[in-house]
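Please read the structure below before turning to the comments.
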Amino acid sequence: MAGIDRVKEQILEKADIAEIVSQYVHLQPKSGRLFGLCPFHKEKTPSFTVNPERGFFHCFGCGKGGNVIDFVMEMETLTYAEARRVLAERLGIPIPKTLGPKRQHEDVDRYQVMELAANFYAKRLQTAPKALEYLHSRGLNKEDIQRFGLGYAPPEWDTLYQALKQRGVPETVQVELGLVIPRKEHAGCLDRFRGRILFPIRNTLGRVIAFGGRTLDPKEPAKYLNSNDTPLFNKSKVLYLLDQAKESVKERGAVLVEGYMDAISLHRHGFKQTVATLGTALTKDHLAILRRYTKSFTLLYDGDEAGIRAAMRGVELFMQSSLAARVVLLPSGLDPDDFVKAQGADALQELLDSALDGFDFYMRQIVKRHDPATTQGKLEIVEAMLPLLASVKEAFIRADYIRQLALRVGSSVPQLEASVQKKLAASTPVAPPAAKTTVTMVKTNQPADPMAAVKETLVRLLAYHHGLITPEDQRSRPRIDLFTGEQLTAWLPAQLRELNEQSAVDRILEKILLCQDNAPAASPAARMEMLFPELEERRRFIAILEAEPLPRTEDDLRRMHQRLMQEIQQEIIQRQQQKIIQNGGQNPLQALQAVNELLLSSRREKEPGLIRGESDEKEP
């Protein structure tokens with residue numbers, strides 16, 4: 001049996017989830033909870049809630065939910081271990097050291113290993129005259145080198161491999177992190193990076209997760225080399241310098257470039273909202289990360305043919321993601337680094353201020369390739385623009401773009417709209433004809449659980465009984481015991497076995513019935529984590545709690561409990577009746593007598609402990 005994670009327990013006890021979430025989401029109080037626009041999906045009406053009392057978040061729109069560790073994992077695209085470590089450090093919770101020569105592969109802190117590698121490369125740079133000379137020629141001083149953590153991989157075969165080995169880092173971990181490559185014919189490994197200036201690549205929390213290396217050898221075919229994909233790194237999901245840029249991105253919007261030196265140079269000249277892709281085109285994952293910080297995006301690319309193609313692909317991706325981007329193309333032959341050095345920060349700011357709307361830029365590039373004065377040219381322009389127009393999900397935005405294109409080519413808006421609709425219809429997959437319903441198909445279709453609503457109410461009442469939730473008006477009063485010990489240990493388990501449909505709610509009920517031994521002194525968030533260690537099940541539990549508030553008064557809580565227990569008992573009796581009738585076979589009279597006996601016994605004898613305290617209300 002796995003040991004208790006004391007660090008996780010302390011995080012859930014100490015962390016103020018509202019304070020942490022508010023760094024990403026503007027929250028406003030309402031009915032004892034905090035509401036804001038969900039950071040995980042696009043919405044106009046707030047459906048994202050944070051419950052500080054219970055220590056969890058939940059979105060009614062996309063269904064995401066969980067505790068503070070879950071939130072940091074989702075927001076920063078982190079592993080569980082990293083989110084746990086980040087929060088522990090923030091809260092001053094010590095984490096046992098795991099790096100050492102006697103530790104096993106699974107125990108090694110990967111981020112600590114990457115930091116060791118970054119420090120190794122940084123020290124080697126100080127004794128590499130050619131590398132320092134190159135960086136100085138690019139305008140970087142000592143402070144810049146330290147600020148961006150630049151380093152140098154020596155040309156020898158295995159210097160990093162041996163250095164990490166001496167620090168107790170297993171060979172398997174070094175290979176897993178992409179730092180070394182196993183030798184083909186001999187034991188040991190070779191360093192992945194040799195004779196290159198290295199740019200540490202960090203995640204949004206500033207942790208080193210990979211490296212990018214620039215060669216100093218002009219004969220080397222690969223000018224730049226990135227780390228391979230690892231458990232910590234996927235180049236399609238990481239943006240260079242976002243860890244340093246994110247606060248400026250929130251204030252000024254994001255400027256996207258394509259190279260390490262371009263991003264560094266713009267940061268040095270005051271454009272701290274700059275981030276760069278890592279030798280790959282923009283991806284939807286990049287945009288999903290950026291949209292957490294801003295809704296303003298500017299693509300700043302070289303003005304050559306490659307830069308134009310990259311900008312057009314970027315515009316397509318933004319529009320497919322229902323985002324708007326602007327585009328700046330630099331004079332041909334200049335990249336952002338060259339331009340800002342030659343023309344200065346003010347000149348670059350003027351270009352950024354006059355950036356073209358993405359759709360307008362895209363349309364201009366298409367028009368340049370065809371002749372809008374001829375019928376054939378107009379046709380070619382419209383054909384080239386149709387896929388982009390069809391990718392726009394919002395009809396009113398698409399209508400505005402159609403008007404712009406119609407004006408440019410001299411076409412009528414209705415005709416162009418009809419062409420777009422035709423394109424949309426052609427791109428929409430047609431559902432296959434429904435198969436004929438057979439008796440077998442009807443039998444295999446499982447009906448909805450008729451007791452689902454009752455079970456969800458039972459979940460909420462059990463959560464209250466065990467101190468996982470508290471109605472807003474009762475926070476200053478002692479919690480009442482709704483259920484007797486006999487109900488929790490005998491009656492309810494027996495009845496729920498009869499009503500079990502093997503659903504998610506049934507599995508939740510099975511676990512919450514065991515809650516009385518679940519560390520009652522812990523916080524609600526910590527107890528939820530122990531009850532439901534699987535994230536999806538925890539989200540389902542939170543969704544049930546958030547779906548409907550509990551009554552605010554003690555009397556109303558008791559009445560709800562009484563009605564609920566009666567509904568469960570009535571459902572059990574009805575099911576027993578049905579079984580008796582179905583099993584009556586050739587003797588329906590005997591079955592009817594059995595039903596009568598069942599009804600009489602249910603009236604004569606109330607289930608022991610069914611309702612805690614008789615109701616004072618009399619039947620009319």
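It should be emphasised that the depicted structure is a prediction, and the values quoted were computed from it without experimental measurement.
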Does the side chain of [X] reach to within under 4.5 Å of the side chain of [Y], using non-hydrogen atoms?
| X | Y | answer |
| --- | --- | --- |
| H269 | S265 | yes |
| L329 | Y301 | yes |
| R364 | R408 | yes |
| L91 | Q10 | no |
| C59 | H41 | yes |
| V328 | L352 | yes |
| V249 | V255 | no |
| L205 | D243 | no |

Pair [X]-[Y], side-chain donor/acceptor within less than 3.5 Å:
| X | Y | value |
| --- | --- | --- |
| Y161 | E171 | yes |
| E43 | S47 | yes |
| E316 | S391 | no |
| Y134 | R214 | yes |
| N226 | Y260 | yes |

Nearest 0.5 Å, please: how far is [atom2] in [Y] from [atom1] in [X]?
| X | Y | atom1 | atom2 | result |
| --- | --- | --- | --- | --- |
| D262 | D335 | CG | CG | 4.5 Å |
| K235 | L239 | NZ | CG | 13.5 Å |
| D353 | T298 | CG | OG1 | 9.5 Å |
| K223 | R196 | NZ | CZ | 11.5 Å |
| F148 | R268 | CZ | CZ | 8.0 Å |
| M114 | N119 | CE | CG | 11.5 Å |

Among F211, F199, Y152, which residue meets the ring pair (Phe, Tyr, Trp, His ring centres under 6.0 Å) test with Y121? F211
Could you tell me whether [X] and [Y] have a side-chain N and a carboxylate O separated by less than 4.0 Å?
| X | Y | answer |
| --- | --- | --- |
| D357 | R326 | no |
| R194 | D191 | no |
| E19 | R90 | yes |
| E74 | R539 | yes |
| R110 | E82 | no |

Nearest heavy-atom neighbours spanning [X] and [Y]:
| X | Y | result |
| --- | --- | --- |
| N228 | T230 | O-CG2, 3.2 Å |
| S236 | D285 | O-CB, 3.4 Å |
| L278 | V238 | CD1-O, 3.8 Å |
| A131 | I197 | O-CD1, 3.8 Å |
| C62 | C38 | SG-SG, 3.8 Å |
| L330 | L351 | CD2-CD1, 3.7 Å |

Taking the side chain from [X] and the backbone from [Y], do they hold a donor-acceptor pair closer than 3.5 Å?
| X | Y | answer |
| --- | --- | --- |
| R124 | A153 | no |
| H370 | V367 | no |
| D158 | Q162 | no |
| D144 | N141 | yes |
| H136 | L132 | yes |

Determine whether R138 and D337 satisfy the following criterion, side chain to side chain contact (heavy atoms under 4.5 Å, CB included), listing intermediate values before the conclusion. CA-CA 9 Å; R138 297 297 298 265; D337 179 31; 2.8 Å; yes
If you take the centroid of each ring, where Trp contributes its six-membered ring, are F35 and F48 closer together than 6.0 Å? no
Answer with yes or no after comparing the ring centroid distance for Y24 and F71 against a 6.0 Å cut-off, counting only values under it. yes
Please lay out, stage by stage, how F120 and T159 fare under the test side chain to side chain contact (heavy atoms under 4.5 Å, CB included). CA-CA 10 Å; F120 171 86; T159 51; 3.8 Å; yes
Atom [atom1] of residue position [X] - does it have more than 12 heavy atoms of other residues, nucleotides or ligands inside 6.0 Å?
| X | atom1 | result |
| --- | --- | --- |
| K142 | NZ | no |
| K250 | NZ | yes |
| K237 | NZ | no |

Verdict with supporting geometry, R84 and Y80, side chain to side chain contact (heavy atoms under 4.5 Å, CB included): CA-CA 6 Å; R84 171 180 173 273; Y80 170 81; 3.8 Å; yes
Expected list for residues 303-315: side-chain donor-acceptor pairs under 3.5 angstrom, two or more places apart:
unit_1: D304; atom_1: OD1; unit_2: A306; atom_2: N; d: 3.4
unit_1: D304; atom_1: OD1; unit_2: G307; atom_2: N; d: 2.7

Could you walk me through whether M319 and L388 satisfy the side chain to side chain contact (heavy atoms under 4.5 Å, CB included) test, starting with their C-alpha distance in whole Å, then the side-chain angles of each, then the deciding distance to 0.1 Å, before giving a yes or no? CA-CA 8 Å; M319 293 181 68; L388 185 67; 3.6 Å; yes
